[in-house]
Each structure stands twice: as C-alpha cells, then as structure tokens.
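Order of the sequence lines sets the chain letters (A, B, ...), proteins ahead of strands, with each chain counted from 1. Scope of the values below: all heavy atoms of this structure, side chains included, with no hydrogens, waters or symmetry mates.
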2 protein chains.
Amino acid sequence: PGWEVSQNFITKTYELEDFRAALEFVNRVGELAESANHHPDIDIRYNRVTLTLTTHSEGGLTDRDFELARRIESG
Amino acid sequence: PGWEVSQNFITKTYELEDFRAALEFVNRVGELAESANHHPDIDIRYNRVTLTLTTHSEGGLTDRDFELARRIESG
C-alpha cells in the first residue's frame with residue numbers, strides 16, 4: 001500500500017522520524033535488496049526516503065519489483 | 001576535488017565497488033552529517049552514490065557545505 005505504480009516503475013516515499021531513522025530504514029531495505037539481489041533506487045532527503053523499483057534488465061516492471069516491495073512492507 | 005559547483009549547491013557522484021560498499025559509504029557520510037548537523041541529499045543507484053549539499057536555511061551555498069564536503073573527502 002502507498003506505492004505509486006507507473007508503467008515502468010513503482011515508487012514510494014517513506015517519512016521517518018529523523019535522518020538517523022531514515023538511515024536505519026535504508027540499511028534494512030539494503031539487506032532485503034541484497035537478499036533478493038534486486039536493488040531499488042534510494043533517495044534520502046533528511047527524514048524522507050524515496051524507493052523506486054524497476055527491473056533494468058527487462059526494461060520495465062516485473063514480479064521481482066512487486067515481491068521486493070512486499071518484503072519491504074513486511075519489514 | 002571532483003565536486004561540481006553550481007550557484008546553489010555542490011554535488012559529487014562516488015562510484016563504489018558494489019551496493020554493499022555504497023551502503024557502507026552512505027553510513028560513513030551519515031555519521032559525518034549527524035556530527036555537523038548538516039545533511040546532504042543522498043541518491044543511491046546500486047554502486048553509485050550522489051551527494052548534493054546546500055544550506056536550505058540560507059537558500060544557497062555556505063561554508064557549512066564546503067566544510068562537510070571537506071570532511072567527507074577526508075573520510
């Protein structure tokens with residue numbers, strides 16, 4: 001929930017308490033990304049983190065994007 | 001060195017070995033940012049990390065930006 005779906009990518013911005021909490025969130029996402037061998041674009045703006053998922057090798061969205069989004073949502 | 005200077009911000013893209021190294025770099029930058037209470041915009045693209053520094057409260061570049069850039073360069 002909260003993911004915007006475009007033709008070629010899905011994106012969501014998370015608002016954390018502060019910069020430190022944003023970094024901790026990015027590290028958790030990073031672990032999930034490494035496990036999945038699938039890496040979102042990650043933009044950190046102080047306490048806001050925007051994740052953008054696409055499958056570069058396929059030139060668009062695939063199940064891998066939705067699966068990683070699901071894992072990120074599950075924590 | 002390697003920082004691009006625009007009127008309102010300075011920016012540099014670092015290329016690390018892989019995503020994990022990029023995350024470690026971001027965590028080091030994050031510690032320096034917290035110490036300085038000055039937070040760059042951070043964009044992670046797999047093994048590439050782009051840092052952008054500006055002083056939002058002043059609407060442009062200040063010594064704080066160059067000082068944090070210097071600290072990041074010193075490791």
Side-chain angles (χ1 to χ4, degrees), chain A residues 3-4 6 8-73 75, chain B residues 3-4 6 8-73 75:
Chain A
W3 287 81
E4 268 182 62
S6 296
N8 292 315
F9 60 89
I10 56 178
T11 186
K12 181 171 177 179
T13 297
Y14 293 81
E15 186 164 338
L16 289 303
E17 192 178 331
D18 55 20
F19 179 75
R20 191 168 290 280
L23 267 191
E24 284 166 12
F25 173 71
V26 165
N27 281 294
R28 287 200 301 279
V29 168
E31 283 170 32
L32 294 168
E34 283 285 279
S35 299
N37 193 26
H38 193 54
H39 301 83
D41 290 347
I42 302 173
D43 293 354
I44 306 172
R45 298 291 178 273
Y46 191 60
N47 68 324
R48 286 190 175 77
V49 178
T50 299
L51 304 179
T52 304
L53 275 161
T54 188
T55 303
H56 295 285
S57 58
E58 302 290 333
L61 280 168
T62 66
D63 286 349
R64 299 180 69 196
D65 302 304
F66 293 103
E67 174 61 19
L68 181 55
R70 195 189 59 71
R71 289 194 198 171
I72 290 167
E73 289 295 317
Chain B
W3 287 80
E4 267 181 63
S6 296
N8 293 315
F9 59 89
I10 54 176
T11 187
K12 180 171 176 178
T13 297
Y14 293 80
E15 187 165 338
L16 290 304
E17 192 178 331
D18 54 21
F19 179 75
R20 190 169 291 278
L23 267 190
E24 285 167 12
F25 174 71
V26 165
N27 281 296
R28 287 200 302 278
V29 168
E31 283 171 32
L32 294 168
E34 283 286 280
S35 298
N37 193 28
H38 194 54
H39 302 83
D41 291 347
I42 302 173
D43 293 353
I44 307 172
R45 299 291 178 272
Y46 190 60
N47 68 324
R48 286 189 175 77
V49 178
T50 299
L51 304 179
T52 303
L53 275 161
T54 188
T55 303
H56 295 285
S57 59
E58 302 291 334
L61 280 168
T62 67
D63 287 349
R64 299 180 69 197
D65 301 305
F66 295 103
E67 174 60 19
L68 182 54
R70 195 188 61 71
R71 289 195 199 171
I72 290 167
E73 290 294 317

Are side-chain heavy atoms of B:Asp43 and A:Arg45 found at a separation under 4.5 Å?
-> yes
Do B:Ile42 and A:Val26 touch side chain to side chain, with heavy atoms closer than 4.5 Å?
-> no
Applying a strict 4.5 Å limit to non-hydrogen atoms, the region of A:Ala22 in contact with chain B is neither
Looking only at non-hydrogen atoms, find the nearest pair between B:Phe19 and A:Ala33 and report the distance.
-> CE2-CB, 4.2 Å
Tell me, out of B:Leu23, B:Asn27, B:Ile44, B:Thr52, who's got the most heavy-atom pairs with chain A below 4.5 Å.
-> B:Ile44
Nearest-0.5 Å distance, CG of residue A:Asp18 to CD of residue B:Glu34 = 6.5 Å
